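Right, one structure below, let's go through it.
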Amino acid sequence: MLSEPQTIPLHFDKVNLKPNDYKSDVKPIWCPGCGDFGVLSSFYKAVSELGIPPEQLVIASGIGCSGRFPAFCKSYGFHGVHGRVLPLATGIKMARPELVVCAVGGDGDAFSIGMGHFPHAARRNVDITYIVMDNEIYGLTKGQASPTSPLGLEKKSTPYGNVDKPLNPLMLALASGATWVGRGFSSKPKEMTELVKQAITHKGFSFLQIYSPCVTFYDTYDHFKQVTKPLPADHNPSDKGSAMKYAMDDENLFLGIYYQEDRPTYDDAYSGIRQKATKGAYSLEQVMGKYRR
Amino acid sequence: MLSEPQTIPLHFDKVNLKPNDYKSDVKPIWCPGCGDFGVLSSFYKAVSELGIPPEQLVIASGIGCSGRFPAFCKSYGFHGVHGRVLPLATGIKMARPELVVCAVGGDGDAFSIGMGHFPHAARRNVDITYIVMDNEIYGLTKGQASPTSPLGLEKKSTPYGNVDKPLNPLMLALASGATWVGRGFSSKPKEMTELVKQAITHKGFSFLQIYSPCVTFYDTYDHFKQVTKPLPADHNPSDKGSAMKYAMDDENLFLGIYYQEDRPTYDDAYSGIRQKATKGAYSLEQVMGKYRR
Amino acid sequence: MPQVDLTVRVGGDSAAGGIVTTGEIVARIAAFSGLEIYTTRTIPAEIKGGHVMFQLRASEEPVYSQGDDVDVLIAFDQESIDNYHSLIKPNGFLIYNANDGKPPAEIGERIKQYGLPLNDLAKQINFTRGRNIITIGAMVKLFDLPYDKAVEVVKRQLGRKKELLDQNLLALKTGYDYVEQNISQESPYHLIPPSGGVQEERLVMSGNQALAIGAIAGGCRFYAGYPITPASDIMEFLAAEFPQINGTMIQAEDEIAAINMCLGGSFAGARSMTATSGPGVALMVEALGHATMTEIPVVIVDVQRAGPSTGMPTKVSQGDLRLAIFGAADDAPRIVVAPVSVEDCFYQMVNAFNLAEKYQTPLIFLSDQDMSVRVVTLPPFDMERVKLEPRLLWDPKTSSTNNNGASGNGSGTREYLRYKVTEDGISPMSLPGMPGGQYTAEGLEKAESGAPIYTPEAHTRNFHKRARKLANALKDYEAWKMYETFGDMDAPVAIVGWGSTIGPVKEAVLRAQSEGMNVAVLYPKLLYPLPVEHIGSFIQHREKIIVPELNFTGQFGRMLQAQFERDIVHLTRFGGTPLAARDVYDTIKQAYQELKVKA
Amino acid sequence: MPQVDLTVRVGGDSAAGGIVTTGEIVARIAAFSGLEIYTTRTIPAEIKGGHVMFQLRASEEPVYSQGDDVDVLIAFDQESIDNYHSLIKPNGFLIYNANDGKPPAEIGERIKQYGLPLNDLAKQINFTRGRNIITIGAMVKLFDLPYDKAVEVVKRQLGRKKELLDQNLLALKTGYDYVEQNISQESPYHLIPPSGGVQEERLVMSGNQALAIGAIAGGCRFYAGYPITPASDIMEFLAAEFPQINGTMIQAEDEIAAINMCLGGSFAGARSMTATSGPGVALMVEALGHATMTEIPVVIVDVQRAGPSTGMPTKVSQGDLRLAIFGAADDAPRIVVAPVSVEDCFYQMVNAFNLAEKYQTPLIFLSDQDMSVRVVTLPPFDMERVKLEPRLLWDPKTSSTNNNGASGNGSGTREYLRYKVTEDGISPMSLPGMPGGQYTAEGLEKAESGAPIYTPEAHTRNFHKRARKLANALKDYEAWKMYETFGDMDAPVAIVGWGSTIGPVKEAVLRAQSEGMNVAVLYPKLLYPLPVEHIGSFIQHREKIIVPELNFTGQFGRMLQAQFERDIVHLTRFGGTPLAARDVYDTIKQAYQELKVKA
Ligand SMILES: Cc1ncc(C[n+]2csc(CCOP(=O)(O)OP(=O)(O)O)c2C)c(N)n1
Ligand SMILES: Cc1ncc(C[n+]2csc(CCOP(=O)(O)OP(=O)(O)O)c2C)c(N)n1
Ligand code: SF4
Ligand code: SF4
Ligand SMILES: [Mg+2]
Ligand SMILES: [Mg+2]
């Protein structure tokens, strides 16, 4: 049962473009079979169905295979440094709240070097959509364990098996105050497209974890096909306790919308501050006046 | 009901020192009435009761009023840069697992600039005790809002009221995989001493949040006296669901041990790796051998 | 020589409270009474407790430095008497708390001493925390300052709560009356010159305040920052102002977030800035390189404090110059600007935003702790001098095709070249929302379109582009007169400096010249790119070049050596205190002696 | 001149797989057959796909650079033929995939061409991915390399899975037979000299491997790092080795965590290191200053890559020198060491740990991308040369009182002075666990005990202490011969360089000297503190000083200018490729021409 999502006040006139119209002329550099291709296609589809004008869309990213995403879209893009996509996206959104701002990247970018920013973007409820392409590995640096790699995984940096218990991104999102939390799988394009649409449409900080396997360094397609399943039909996304229960399930990796909540966005709250602060005309002469002897 | 805590294998011969014997000759620079004085006293008491030899104890900290803590103790200390106390403490513990390592600091140090390290120390279950003196404000920089400041708070950096929803440190600890989670209040010295003792004794990552009011920039003594109360007697610290329920309570701020779990510590896990890796005598000649033509 | 030139030092333990307040109020009373003022202070890193010193210099003529010696010492405790009494000039005064200190016998007749029974007086009026205001009242009488001005200042500075204000005003009167009744009917020292002092309009403010107002004037509307001494009050100032002018101020979770938010804000079109100190800049190094590479304008204020590392957060230094210029992986040029005074903080901030925007580059603005907290009198800012230089925006109409990639079409390859290699290196920038202007800001090496490319040719070409672009700033340096020169332009001895050391240098040069030792002084405010021609021609025929700076290795001096392959006299000080005019004077004298020996 | 000096370039699209593997296997076969080898490569930043180039130079004498021209081009695709055929020397060969490329007509008779129908051959043996090994088999025959060595190398490099190994060995044979049957019975080119080549023992390894082994030899037992190209394999190497020797390797959550973990590990007593590249060093700047201030030994390896910012992660640069030396808030001196070759990576790592520990300081070790991935032959490391210098530990017995603050007592003030100001600046350090040695490692300015203190005297004194301490390293520089010199010590032209450019310089100098243009060369491996005396006396009487380096602004050259106030010829290259011997030769020639004009 999905509570009617609050839709964003569209600051743009919807356009009628095909998914392909959102494709840039830069060819993805991903390995054939990489899960990120699926995410990209679903993304094209979602923004096309939402009718977002490409020039009103900004996609920010960090570094990683997944971080190359913005360049493949015919929107505005910002390929930031490793792990800083959320501050970047926050800056863009707060400077220009009318834009549709998405942040994208990998599990390492998000939960290793970028970990410090995640709870803050969530608690502030910055009205952006954060899509993490989680392959449970560092792809671009050729296959080291990431913060979501399972215990025991033997990779280059963990030749005797990984001993760092993986983080649970959904739990972190819920604990931090994210107002929309969902999970998809790049082999489920239809569901993924729907999730991307819902995430973008949600007013507030949306966190969408997408399992997006790395065929070259950690091929988890079969694994995820086995252990993922849709969230039970009776799950109510406005029930945080239920969301946490399902998010903590280690055996079943549920797909769908875990949680959704209405809470003032950061830009709305800041508008409130502006109203509160503004007391008529403003001039620097006046400001200086306070320092005149 | 408290499950019997697993005690640390004491790598030291217990000593018989008075709390005052742990006091260094550096005089605390805190304002009279600062909550941190209480935390310091409880700490002296706890380590004295545990019989920890001062030279086997290392206290690491970041920057903040609370970060000055180590210098006031006659143990080894490390006054690190702002926000990096957990990596410091991890390095110390992993290089010398036999030491008793505590990390201390403020809410800003822990959850603002240091946020990125917290989930990682927790998931790795580094066997250290992390005491955060939470005054819900930046003390040392003279009174800006911190990540635990309540909504609406009017301070220098938030003259029209704080709009950043505060983080919930306990929830973050639980979501990250901390194996011991507790909360104290600097006006409850007896309970606090007990909590510090339990936290240090716990084998694994212990997170102890202590409300420690800043009399100069945000005096919350009265507030905390009103809203804090002991955790209900029927709370079972091995029940994570229960821990989360109480941690999410916004009206009542419960004091006590929220959660405790046994899980291999990072140094234990690494010892395992060493055993697995070691295959007899090691020499650089052998290593070079692999590269001989 | 001005008739009035008085240096007052206030010392005490901060736990007792109000040492800095005392100083600031006295300073303001002096300013309101028609004097020019210049203040400095040292603050302990402790929150409460620890020794504090405040120094005020007041004159009816402009004041350039804090003064090396002291005319009046106000000592709230024994420590202050002991530490500072030897600095008091002959015939100076010592005002001390007779309930909590005793001047050493050896002071004898050398200086006048006024012991005020501060604790007793405070007890009389039932206001133990009132000792500092009582002292101020006493000083008003001792210096014959207008009592009404004193009341006005106390009202402005301490008037938030009515009840407390009344107590303070009573304390003021108590001190005044005590001197009148017990020390002398007549004021022993008439501070205000017969002329009545400076008649022109004056602002009384600190460097951080001037800087923040300069940012607003410079068009800044986006700020993200993280608190740090001594930069926090810039953020606090803008937190109050920005919401009133549609600007945005975010207290970020750390400095890395702050600078990245600024990059986002600027990418989206807002003039953006952050302010921090050395440790914060250290954390921004990665993002600074990224700003150079993505060509995004952003202003980073570094209010330098004494390091390295945590160092001495409340003390001054000029130790971040090299970090500002060279702090980057690989060569990532950026602009570095340094104001020379509180007043200059305003004007250089405007220049800073104009340069950053014009050249689409990060710009580091080097202030320092002393300038940031120092309160001085200055003429109101001249808004006529404020001209905003816009960012060069892409104009779709000039593009060969204007609907590629635009909404409503979406087909075809992009024609807009974000990183177009132009003659002056500046590429027109598009902003989100502009149809057809879509591109990805890219930290990888890239083709003109922004698409990543790794050929040696592209890499080499872009290094040149990025450097060439900044070289244009040298023209603005000339046009906007981003330097100060004074002294005798034919002098064989030159001083080339940067930042706030200009004050003591001015004073020392005046003194040296009055003794026949001429000096030519140049303070460029653009430090990178270095104005090679201007500095080169300035030093060309000098026999001695003195470079004063507050750091250990002589960072600026060594840059000049690398550039001009000339010998430099490094006048370096690194104790966390401002430069003393006396040290400059001594160095000038030494230089002249050496010239004589050589001759 | 050696009889054999062959440069082989392999090019193709990485998506097809195995270009680098092909190169590495050929290189190893050459090495195993008794030749000295030197390799280089360019890798696309893409994971799969993108053009890749591998170059091997082989000779029976030591090889110093990758070779400017190509004797043999192995082109897996048309792009490689097109890009590189013009580099082939007259009488060189082109080996190409006849199923996927065609040499342009204009090559004509100039070079020999061997088209191998690689796709067909691979199909024959049902092993589409076997094209590269087929090519290797063909080369073995063409160059008359010992087939048994080829089999041995293939087994070592690709022998993990039996089944795959059999396929690969079949492919090897297929290529060999194809040449024998279709091209020539007799091998057209005899690579192994009649002497049989180098008889001495040789290792075949890369710079990162030599470096990691050097760290182990240097006593390193604690590593924390974060993956980054081109440094990741150092971490991966130690991840496998450290657990075997009671060491600890932690993959941290980021570079800031990594360096702070190292500081913790070192504080606790372990020799500690982290390895990263420019963007990672940028993030460590704050902690580096802290290490200087707390006086904690730690080694930071920077495998430099082309920037700024994300730049070109798989290309070479020497652009981080200034970041390494000056990247700090305020003056925070540290030691900077740069190895000059793969072999030297081993020995300088040992020196690096010894220096860091002796002087209780952070030390930055500047390698580069090219040196890090380059595979060469080198003599086995001489363990006799490895001597560990211990950290100066506090000895409680020499303390005036040895049970203060100790367990079992706990009373009295601390006697141990962690930051004791000594003559040489080095203060004995205690380690956790030592009774009575308790102290707090402190980032604030401090008294000798470590207690915070903010007096100008203490600050000034400690600046001197921190710098004085490092100056001692200059003695070790001499004693450990941390430099290389060669050429003619009386030459009027000097080259002073650093890092891996030494190879092409050696080669160019040999050529120049054979033509009568003598050159004196100095490569200091200690870059900070700068060996001023040694460099100074070396350049004193030279008429021209050439400083080659792979960065835009001539970072090292400008440091020398600042130090010696001498004119420098900056030979800077910044395209992301290694220095070419030809460019060095041309610069030498130019210098001689200018000398002639002047004369
Ligand atoms: C400061 C910094 N540190 C390290 C790197 C190297 N690096 C690039 S991407 C990456 C992690 C990639 O993993 P992830 O974020 O999961 O993305 P994926 O490639 O798997 O999509 C790392 C460590 C870097 N570019 N910058
Ligand atoms: C990199 C860096 N940024 C900012 C600062 C300034 N700073 C010092 S302490 C502090 C926060 C103090 O708040 P908290 O951690 O809650 O400690 P408290 O003083 O309240 O105990 C800040 C922002 C710093 N020292 N270093
Ligand atoms: S390495 Fe993995 S994550 Fe990266 S492009 Fe290839 S398959 Fe995708
Ligand atoms: S400012 Fe606040 S937190 Fe800091 S010492 Fe004073 S009371 Fe304590
Ligand atoms: Mg990943
Ligand atoms: Mg706090």
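Lettering follows sequence order; numbering is per chain, from 1. Computed over heavy atoms, backbone and side chain alike; hydrogens, waters and symmetry mates excluded. None of these values were measured; they are calculated from a predicted model.
- With a 4.5 angstrom heavy-atom cutoff, T553(D) touches chain C via backbone and side-chain atoms both.
- A306(D) approaches H459(C) most closely through the heavy-atom pair CB-NE2, 3.7 Å.
- Heavy-atom distances place no part of L321(D) under 4.5 Å from chain C, backbone and side chain included.
- Here the closest non-hydrogen pair linking F463(D) and G307(C) is CZ-O, 3.6 Å.
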**Item:** Audit row: T310(D), M293(C), side-chain contact (heavy atoms from CB on, under 4.5 Å) steps and yes/no
**Value:** CA-CA 8 Å; T310(D) 319; M293(C) 199 63 167; over 6 Å; no
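- Nearest heavy-atom pair, A329(D) versus P279(C), reported as atom, atom and distance to 0.1 Å: CB-N, 4.2 Å.
- Residue E442(D): no heavy atom, backbone or side chain, is found under 4.5 Å from chain C.
- Here CG of L288(D) is found 10.5 Å from OG of S309(C). Values are rounded to the nearest 0.5 Å.
- Of all non-hydrogen atoms in Y454(C) and M312(D), the two that sit nearest each other are CA-SD, 3.5 Å.
- One finds the CD atom of Q555(D) at 7.0 Å from the CG atom of D330(C) (value rounded to the nearest 0.5 Å).
- Contacts between D567(D) and chain C at a heavy-atom distance below 4.5 Å involve backbone atoms as well as side-chain atoms.
- The residue among P308(C), G289(C), P456(C), A324(C) with the most heavy atom pairs within less than 4.5 Å of chain D is P308(C).
- With respect to the salt-bridge test (charged N to carboxylate O, under 4.0 angstrom), the residues R322(D) and D331(C) qualify.
- Using a 4.5 Å cut-off between heavy atoms, I256(C) contacts chain D through its side chain alone, with no backbone atom that close.
- Of the listed residues R573(C), R466(C), H464(C), the one with more heavy-atom pairs under 4.5 angstrom with chain D than any other is H464(C).
- In terms of non-hydrogen atom pairs under 4.5 Å with chain D, the most contact-rich of G327(C), S317(C), S277(C), A328(C) is A328(C).
- For the pair Q563(D) and R558(C), the minimum side-chain heavy-atom distance is below 4.5 Å.
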